[in-house]
> 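Below is one structure. I have some questions about it.
Chain identifiers are assigned alphabetically (A, B, ...) following the order of the sequence lines, protein sequences preceding nucleic acid strands; residue numbering begins at 1 within each chain.
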Protein chains: 2
Amino acid sequence: MSGNYLAGPQGLLWSINARAVLDVVDREGPLGRPEITRATGLSKTTVAQTLRELVARGVVEEAGADTTRRGPAATLYRVAPRCALALGVDIGHLRVRAVLVDAVGETLAQAETEAPRRRVADTAAAVTALAAECAGRAGTETGAIGQAVVGVPAVVARDGRTVRRAYGLPQGGRGLAEAIERDLPVPLLLENDVNLAAVAEQRFGACADVADFVLLGLGVGLGAGIVLGGRLHRGFAGGAGEVGFLPHPATELGTEVLGARRIAEQARQAGIEGRPSPREIFESARGGDERALAVVDATARRIAHVAASIALVIEPELFVLGGAFGASADLLLGRIRRHLARDAAPLPIRIIASGVPGDAVLRGAAWLARHRARERAFAAVVGGRPYDTDPAGSEEGDIA
Amino acid sequence: MSGNYLAGPQGLLWSINARAVLDVVDREGPLGRPEITRATGLSKTTVAQTLRELVARGVVEEAGADTTRRGPAATLYRVAPRCALALGVDIGHLRVRAVLVDAVGETLAQAETEAPRRRVADTAAAVTALAAECAGRAGTETGAIGQAVVGVPAVVARDGRTVRRAYGLPQGGRGLAEAIERDLPVPLLLENDVNLAAVAEQRFGACADVADFVLLGLGVGLGAGIVLGGRLHRGFAGGAGEVGFLPHPATELGTEVLGARRIAEQARQAGIEGRPSPREIFESARGGDERALAVVDATARRIAHVAASIALVIEPELFVLGGAFGASADLLLGRIRRHLARDAAPLPIRIIASGVPGDAVLRGAAWLARHRARERAFAAVVGGRPYDTDPAGSEEGDIA
DNA sequence: GAGTAGGTCGGAAAGTTTCCTACTCGAGGT
DNA sequence: ACCTCGAGTAGGAAACTTTCCGACCTACTC
């Protein structure tokens, strides 16, 4: 249903063809007309006309000439970088980070600040301040941003605005979204941080060609970013992937199998003093600390257990360790695989470490923001998208 | 990827429009031209031309006239029932059933026989014999069948041919598919029976407008048919929904939480004599037998547990009780809801009884076979489907 | 007579083919 | 070492084809 064209006038054909040209140019980078002609199957006359029109409308621009071939130089075309600006934000527990990117994914500016602890208004103010800082450095205004995506450690409803079950964030409902929008009047989308990490994994990491995978991420809680058929699966109310509460033989129902708190508790039980963070425990384990290693092993066992449960439900092709787990994959992967083998999971389970360098949540947020900003700019130019030219390219699902 | 048109010549426009007309006629039943014109947004000239062509190609036919309006009678059009025949088969534990339907879903013939117990060849022979019987009664030949879908109590790989982990069926790998095809040379697809029940639920039952739901079915084992975004989710190797092995606090890892065997074992523990089937136990419970009621309650508790686990992973909008559970929903639903409430599942869970009358697996098989046969016939006439006009209508997923 | 179904014709829109020009590289001759 | 010419390529213009649409017309029924 929704935006699908039923049938249409001839103009529809131009939309389809323009979209095809645009997608090819977008995907393959700067491209000469002959390549576009070959890739789309259109005649060169049509390609030429379409490109002229796309350039006139500002979404495509010339980008030098290709002189590698013999014959006259071919004009190269690329997506106009400035046709869509996008802002990605990662609201973490310690820091709030923001990045401003253009339509081709180039980073224009970055900024970060310490995470406010208490009030929603402070968090929103931090976000808008970072946005303004980025815009300033990039020489534009925040109003030029076509889409902002903000990653939060919480369950976000499918409207992309309502926040539930926030970890460390106020449970503000729609408060955060509304507070941000007051000072940053651009299209805004909140998204669960683990989901964004999964998007990053799909776009920049190890899952470029994997249609079905699950990213297991450790923040305060344990979360799963689930990608099925190349699209993010959010669940009916955005609660899919809250696997931290999956029942485990060794824990009571309704309590967390795994999460920062659980790891801390295990550390206490193992006799580790102080209140080390998971990251610090993994660090000690890497140094050979026996008690820390025990905690790591217990953690690995629980991850294996969670993965096995998830696999029985949706059988993804691949599991990926991200978040704090990703950084400790060297310690965890082998142990997880051993536990999986020992418990004789009914299905073979592949599990690997994240392949995303840097802040995956931030990169995922920026990618999604860029994708949506660009999609909107493209749709304005070539008309509503009649169909998915690139199925793997639209994981936005049902978010309006 | 796949069948998505990138761009095309003018002919593409005809394909799109013809497809739109076809879909409207298909969905809304016999329809006059003016309605088709309104529904598609095309001009009446184009609709007339397109219909002429579709009739000439045999997928649409005239179906009387509509004289309810004043003015001249409007010619009605419908999908030609004979443009695609489809065979649905349900290989159950006791019976093998088959039904032959035409392109508009009308039942042409039905047949059933006792399920062979041992050899793959016998099962295949039963299927082909039923197919021949149906074809004979309908006055055609088996060769005229455009698609056969066979439901089996087993995990079926995404090729729709390879069988793994069969319950009560030989583990034949591709043996069954190949044996059937030897005598029934038509496009064949094997599919997990619970998945087919889910398809039936979506098409004829309680989930017509639910994009994400999970059907819990009890056969020999416990299986889940998972529909996400209106499409069946099969998993990487067809193993999604094998939730019978989900870990449960009260059972060892690697053993079944729930299934016919588990219920039988509980019945024995409860002191019930003989070896009653689950159905018989539910029957006794309905009669007030205390021991049977205890088994029912334990079953309800396990179902609640499994549903809660599934919900934490994918958060569907709805759970549906099918199979033997569906028939006993009166006993189970209240108890399941009570257990869900008591265990304080983190998410609200809606669970209802199946709304499909009769053999859901058979109806799902017939629907899927009809859908695929029709899709193939349509594609041959209007050219490859350029895009999904009806997203909810194509749950065939990745099966070639 | 008003309203509706269906048909026909000419125009408009879009894409393709064909032909043409201009440009560059490289091979071979001088 | 320089020149010439052929092959291959990029870009553009005109004529043609396909397809859809709007307008007009006829026929039918209440």
Side-chain angles (χ1 to χ4, degrees), chain A residues 5-22 24-25 30-57 60 62-77 381-383 386, chain B residues 5-22 24-25 30-57 60-78 381-383 386:
Chain A
Y5 240 100
L6 271 177
Q10 293 119 307
L12 173 60
L13 204 44
W14 186 82
S15 287
I16 292 176
N17 290 340
R19 181 77 216 193
V21 170
L22 199 44
V24 168
V25 171
L31 223 54
R33 284 196 211 174
E35 286 74 36
I36 300 173
T37 305
R38 269 191 294 279
T40 58
L42 293 166
S43 71
K44 61 178 187 156
T45 312
T46 305
V47 170
Q49 279 174 345
T50 305
L51 279 172
R52 217 188 337 267
E53 193 61 30
L54 290 175
V55 170
R57 299 191 186 187
V60 167
E62 299 189 4
D66 175 12
T67 56
T68 58
R69 282 160 291 199
R70 80 169 142 184
T75 317
L76 294 174
Y77 293 87
V381 165
V382 301
Chain B
Y5 242 100
L6 270 177
Q10 297 111 310
L12 174 61
L13 204 44
W14 185 82
S15 287
I16 292 176
N17 290 340
R19 182 78 216 191
V21 169
L22 200 45
V24 168
V25 171
L31 223 56
R33 283 197 211 173
E35 285 73 37
I36 299 173
T37 305
R38 269 192 294 278
T40 58
L42 293 166
S43 73
K44 62 176 186 155
T45 315
T46 305
V47 169
Q49 279 174 345
T50 306
L51 280 173
R52 218 189 337 269
E53 194 60 30
L54 290 175
V55 170
R57 298 192 187 187
V60 167
E61 61 181 31
E62 299 190 2
D66 176 11
T67 57
T68 60
R69 285 160 287 198
R70 80 168 146 186
T75 317
L76 293 176
Y77 294 85
R78 68 169 172 216
V381 166
V382 302

> Once you round it to whole Å, what is the distance between C1' of dT16(C) and CG of Leu12(B)?
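Taking atom C1' of dT16(C) as the reference, CG of Leu12(B) is at 15 Å.
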
> Which residues satisfy the side-chain contact (heavy atoms from CB on, under 4.5 Å) test with Val47(B), sequence neighbours excluded?
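Scan of Val47(B) (side-chain contact (heavy atoms from CB on, under 4.5 Å), adjacent residues dropped) gives Ile36(B), Thr37(B), Thr40(B), Leu42(B), Leu51(B).
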
> Applying side-chain contact (heavy atoms from CB on, under 4.5 Å) to Val21(A) and Asn17(A), what does each step give before you reach the verdict?
CA-CA 6 Å; Val21(A) 170; Asn17(A) 290 340; 5.5 Å; no

> Of the nucleotides dC20(D), dG12(D), dA5(C), which one has an atom closest to the side chain of Pro34(B)?
dA5(C)

> Give the minimum heavy-atom separation between Val24(B) and Ala39(B), together with the two atoms involved.
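Here Val24(B) and Ala39(B) meet closest at CG1-CB, 3.8 Å.
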
> Starting from P on dG8(D), measure out to CG on Asp66(A) and report it in whole angstrom.
18 Å

> Estimate the overall bend of the helix from dG1(C)-dC30(D) to dT30(C)-dA1(D) from the end axes over five pairs each, rounded to 10 degrees.
0°

> Listed by chain and number, what are the side-chain contact (heavy atoms from CB on, under 4.5 Å) partners of Ala73(B), not counting sequence neighbours?
Ala65(B), Thr67(B)

> What closest approach, in Å, do Tyr77(B) and Val25(B) show between heavy atoms, and which atom pair accounts for it?
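Heavy atoms of Tyr77(B) and Val25(B) come nearest at O-CG1, 3.8 Å.
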
> Between Arg52(A) (CZ) and dA13(D) (P), how many Å, whole number?
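It works out to 7 Å between those atoms.
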
> It should be established whether Arg33(B) places a side-chain nitrogen or oxygen under 4.0 Å from OP1 or OP2 of nucleotide dG7(C).
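For dG7(C), OP1 or OP2 has a side-chain N or O of Arg33(B) closer than 4.0 Å.
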
> Please state how far atom CD in Glu35(A) lies from atom C1' in dT9(D), giving the value in whole angstrom units.
11 Å

> Return a single string for nucleotides 25-30 of chain D, one symbol per nucleotide in 5' to 3' order, where B is base contact, S is sugar-phosphate-only contact and - is none, cutoff 4.0 angstrom on heavy atoms.
--BBBS

> Taking salt bridge (charged side-chain N to carboxylate O under 4.0 Å, His left out) as the test, write out the residues that go with Arg33(A), two or more places apart.
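In terms of salt bridge (charged side-chain N to carboxylate O under 4.0 Å, His left out), with neighbours along the sequence ignored, Arg33(A) is linked to no residue.
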
> Starting from C1' on dT4(C), measure out to CZ on Arg38(B) and report it in whole angstrom.
10 Å

> Looking only at the side chain of Thr45(A) (C-beta and beyond, no hydrogens), which of the listed nucleotides dA13(D), dC20(D), dG7(C) gets closest?
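The nucleotide sitting nearest to the side chain is dA13(D).
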
> Report yes if a side-chain nitrogen or oxygen of Thr75(B) is closer than 4.0 Å to either non-bridging phosphate oxygen (OP1 or OP2) of dG6(C); otherwise report no.
yes

> Per the salt bridge (Lys or Arg N to Asp or Glu O under 4.0 Å) rule, what does the pair list look like for residues 34-46 of chain B, sequence neighbours excluded?
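Sorted pair list: Glu35(B)-Arg38(B), Glu35(B)-Arg69(B).
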
> Rounded to the nearest angstrom, tell me the gap between atom CD in Glu62(B) and atom C1' in dA5(C).
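It is 13 Å, rounded to the nearest whole Å.
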
> Is the shortest side-chain N/O distance from Ser43(B) to OP1 or OP2 of dC21(D) below 4.0 Å?
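For dC21(D), OP1 or OP2 has a side-chain N or O of Ser43(B) closer than 4.0 Å.
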
> Could you give all pairs that pass the salt bridge (Lys or Arg N to Asp or Glu O under 4.0 Å) test and reach residues 46-56 of chain B, with sequence neighbours left out?
Glu53(B)-Arg57(B)

> Identify, with sequence neighbours excluded, every residue that meets side-chain contact (heavy atoms from CB on, under 4.5 Å) alongside Thr45(B).
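So Thr45(B) forms a side-chain contact (heavy atoms from CB on, under 4.5 Å) with Ser43(B).
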
> Can you tell me the distance, in whole Å, between the CH2 atom of Trp14(A) and the P atom of dT16(C)?
15 Å

> Can you check the Asn17(B) CG to dT18(D) P distance for me, whole Å?
17 Å

